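The model shown is predicted, which means the values in this text are computed figures rather than measured ones. First the proteins, then the strands, lettered A, B, ... as listed; each starts at 1.
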Amino acid sequence: MSQQFGKGCHLHLIDGSAYIFRAYHALPPLTRKSDGLPIGAVSGFCNMLQKFVEDNAGPNAPTHVAVIFDKGSHTFRNDLYDLYKANREAMPEDLRPQIPLTRRATEAFNIACKELEGFEADDIIATLACQARAAGGRVTILSSDKDLMQLVGDGVDMLDPMKNKRIDREGVMEKFGVGPERVVDVQALAGDSVDNVPGAPGIGIKTAALLINEYGSLEDLLDRAAEIKQPKRRQTLIEKREQIEISKKLVQLDCDMVLPFTLDDLEVRDPHAETLLAFLSEMEFRTLTKRISDKLGVEAPAIPEPVQEAPEAQAEQVPIAPETYECVRDAAALQLWIDRINDRGYVAVDTETTGLNEMRADLVGLSLCVTPGQACYIPLAHRAAGTDDLFGSDDLAEGQMDLEECLALLKPVFEDPAVLKIGQNMKYDAKILARNGINVAPIDDTMLMSYAMNAGLHNHGMDALSERYLSHSPIPIKELLGTGKAQITFDRVAIDKAVGYAAEDADITLRLWQAFKPQLHRKSVTRVYERMERPLVPVLAEMEMHGIKVDRDTLSRMSNAFSQKMAALEDEIHELAGRKFNVGSPKQLGEILFDEMGIEGGKKGKTGAYGTGADILEDLATLHDLPARVLDWRQLSKLKSTYTDALQEHIHPDTGRVHTCYSIAGANTGRLASTDPNLQNIPIRTEEGRRIREAFVAEPGNVLVSLDYSQIELRILAHIAGIDALKEAFREGQDIHAATASEMFGVPLDEMTPEVRRQAKAINFGVIYGISGFGLARNLRIPRADAQGFIDRYFERFPGIKEYMDQTVAFAKEHKRVETLFGRQIHTPEIGAKGPHAGFAKRAAINAPIQGTAADIIRRAMIRMPEAIAGLPARMLLQVHDELLFEVDAAAAEELISVARAVMEGAADPVVKLDVPLVADAGQGANWAEAH
DNA sequence: CCTGTCACG
DNA sequence: GACGTACGTGACAGGG
């Protein structure tokens, strides 16, 4: 039966990666019904293989066939040029686990499946095609990759599997303007932005083809470059000769690989019905299983239909029963769990630690869950009970696995790209594990799934999610740790008590994941979750763990200075008041001012206390000295307590740096929030406060670099609302507030006064916040009628703004949510409220798409940043809503600025094409005050 | 634990 | 016609 490959043979080569990506992008993110395993790409891939098999009857039928895959990310091309494919976007996380399944699918169809570590599929395809051609056979390459067009001709053609379009010599001529043998030359000149092949700047395919046709070959062209008439082109070709030559090597396919198999191994084989159907039914592809079994004339295997019930009902099906969870105490027991995880391809993980601060807390135990109701807890560092039962012992409790041994066993699983690790707030667990030498990936996060779907509806903590979506109240941690002064840490909890609590968390997480995963697509937030939530986790974890250096002495000195000034002010205030009182007590201050000193106009709030806010005291300052002194005192008190004192407590003893924690799902609009400490509200507006930033420093030899988006929210407003005058002003780089003032008041730009500009600025901000006459009047301290007049005139000059506001509110009323340009949904359940609530909800709805789009943009920049700056001695340290702060070797500061700026300014691409440019301003210096 | 105040974007 | 309002956060201190 077997025939030697030669004349009359027809080899089909399928570009496996191309098939997979086509399948992935062409189909919605399907999941396997029984367990939610992402399966869309595998499904598409199988359909394409099936179609391939069905189509191949008749004269064009292949005698030989193979699916060729890429393997390994580092190839000889990376050695030639380290930036090769450097700006490739990372593989989507829900595609990664599907890759091994497509290999299995190929084998199930009984089609040869070939790959070689460190080689791209293209080179294997090229080698096979050349071998087949040399043997006198025909070749069809099933791919649309233009790199493969070099191979066309002499019995080799291509077939674009999606468009079903055959590409022959003429097709190549059409695409490249040259024959297949010169395609490499054209590519070398034109470069390829997708693969990051540099080529010759300013020369595209058209020009390249023109040049090659004129000079015959790339080599002749480069040798005779001096003859070229166009000066720019001539210069490029002479100066970039080396870069062009490297480009040619990058695009040139390798036809002479030594392969560990021969063409004869690729002979077409009929699939084994049993193997193929077993695989298809395991994947739960009902239609395809039926179709193929009909075709093969065998009975289709039964695929159990999972019961379609509400999540609540499913939860009842397998009750959450903490007493049934297993306690894993040795390597043999753990190995059983690892086997289960590898079988499944995913696992819910939860870590227990001695505290909530990821940089200080120690690992105490781990829980795992692979199927609802089956979870385990692995205690690792619980302490033995003390002899007197009052003070715990420092010795480890009996019956625990050795921590190192456990981590060594779990590390390969936790780092296995084919095993998905599911967590609730995975950044926490990832940081704890990272400090123990494990880099968890890939991950899914139920908290972030909920955030993507439900922002604005409720918070996304596990207790809330469990109650809402599983109708189950988890064991409160208080039951184990107690509260207040008597609170203990988790390592002091008895192991048998810990098992139920800890394993339950993993069980709940898995159940939430199963409930949420299919919902992401239904609610149209898959892209938001996949592109703007999940990829941010490792980026933030990295930033937080790296921290920023804070100089304790600087803070301490400032603190002392503040103390002295405050003491002096306090004396003065008591003197003015006529008696001693607590200046820090708004209640006492109100009584002093309005009762004892008899100042008029005190207003009591709903609690019955006088208001003493800064705005009120500022008004009173014109009448009396005391309020002005109190304002000064308050400013110092704030700076001292919140910054110079508290910040010192946050300096980590081991690193000497401050490690903030960002909440990804904290703010409804998509913004991050910073806690412990909050590094997004370090003072800057007053000179005295600004000096606190001098304590944030770079290591010796380094500098801090700050890049912040200029007017990003106004730019977004100009784009969304379509305000031509504003767009124009931004495109021309004008001072936007002055331009607004000029448009509104008819004052020419060169006659603009600071006062008029200030008013326009207040209006611009007001618009972003959902302007009201009252709010603007208060901000500008002008009569309300005047403020309303400004607003009316503003809407008159920029009618698009009013239209945007009305449309947004109408959309919110209809859908109970608004959306950012990138599809992030922010729910607005209060939008229909009556009474004073109504105004709040409207303004929030107007503001959310603007603030949220800005948040999306900087998220995208942050996600791309690590790869972009990977080659530089630089680290991203902080995010402050529209600013990114870096630490970089002083010598590389300028390069970092240009790279990071490009990432930030291009962060909306390619999903959203903004009508206005994004601009990032940069600064650098030894400390944050100088850098900003 | 809640409220007022104030730091940031 | 009156009401009460700028949007989004977090930390600290005072006071029940």
Selection: [range], any non-hydrogen atom under 4.0 Å of DNA chain C:
range	value
residues 793-820 of chain A	none
residues 779-787 of chain A	A:Asn779, A:Arg784
residues 632-644 of chain A	A:Lys638, A:Ser641, A:Thr642

*What pairs of residues pass the ring-ring contact (aromatic ring centres under 6.0 Å, His included) test when at least one of them lies in residues 677-697 of chain A, not counting sequence neighbours?*
A:Phe696-A:Trp928
_Show me the pairs that pass ring-ring contact (aromatic ring centres under 6.0 Å, His included) and involve residues 772-799 of chain A, at least two apart or across chains._
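Every pair satisfying ring-ring contact (aromatic ring centres under 6.0 Å, His included) with a residue in residues 772-799 of chain A: A:Phe745-A:Phe790, A:Tyr794-A:Phe798.
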Could I get the full list of salt bridge (Lys or Arg N to Asp or Glu O under 4.0 Å) partners for [X], not counting sequence neighbours?
X	value
A:Arg715	none
A:Asp676	none
A:Arg758	A:Glu755
A:Glu803	none

*Side-chain N or O of A:Asn668 less than 4.0 angstrom from OP1 or OP2 on C:dG8?*
no
*Would a 4.5 Å heavy-atom cut-off, applied to side chains only, mark A:Arg634 and A:Leu589 as touching?*
yes
_Which label fits A:His659 and A:His652: parallel for a plane angle under 30°, tilted from 30 to 60°, or perpendicular past 60°?_
perpendicular
*With a non-hydrogen cut-off below 4.0 angstrom, is A:Ala646 in contact with a base, only sugar-phosphate, or nothing?*
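Contact class for A:Ala646: sugar-phosphate only.
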*Check every strand shown and say whether A:Gly766 touches a base, only sugar-phosphate, or nothing at a heavy-atom separation below 4.0 Å.*
base
_Pairwise side chain to side chain donor-acceptor pair (under 3.5 Å) hits with a residue in residues 805-815 of chain A, at least two apart_ = A:Lys802-A:Asp806
*Give me the residues of residues 676-686 of chain A where at least one heavy atom lies under 4.0 Å from an atom of DNA chain B, by number, or none.*
A:Gln680, A:Asn681, A:Ile682, A:Pro683, A:Ile684, A:Arg685
*Once Watson-Crick and G-U wobble pairs under 3.5 Å are found, how is DNA chain C written in dot-bracket notation, 5' to 3', with | for any base paired to another strand?*
......|||||||||.
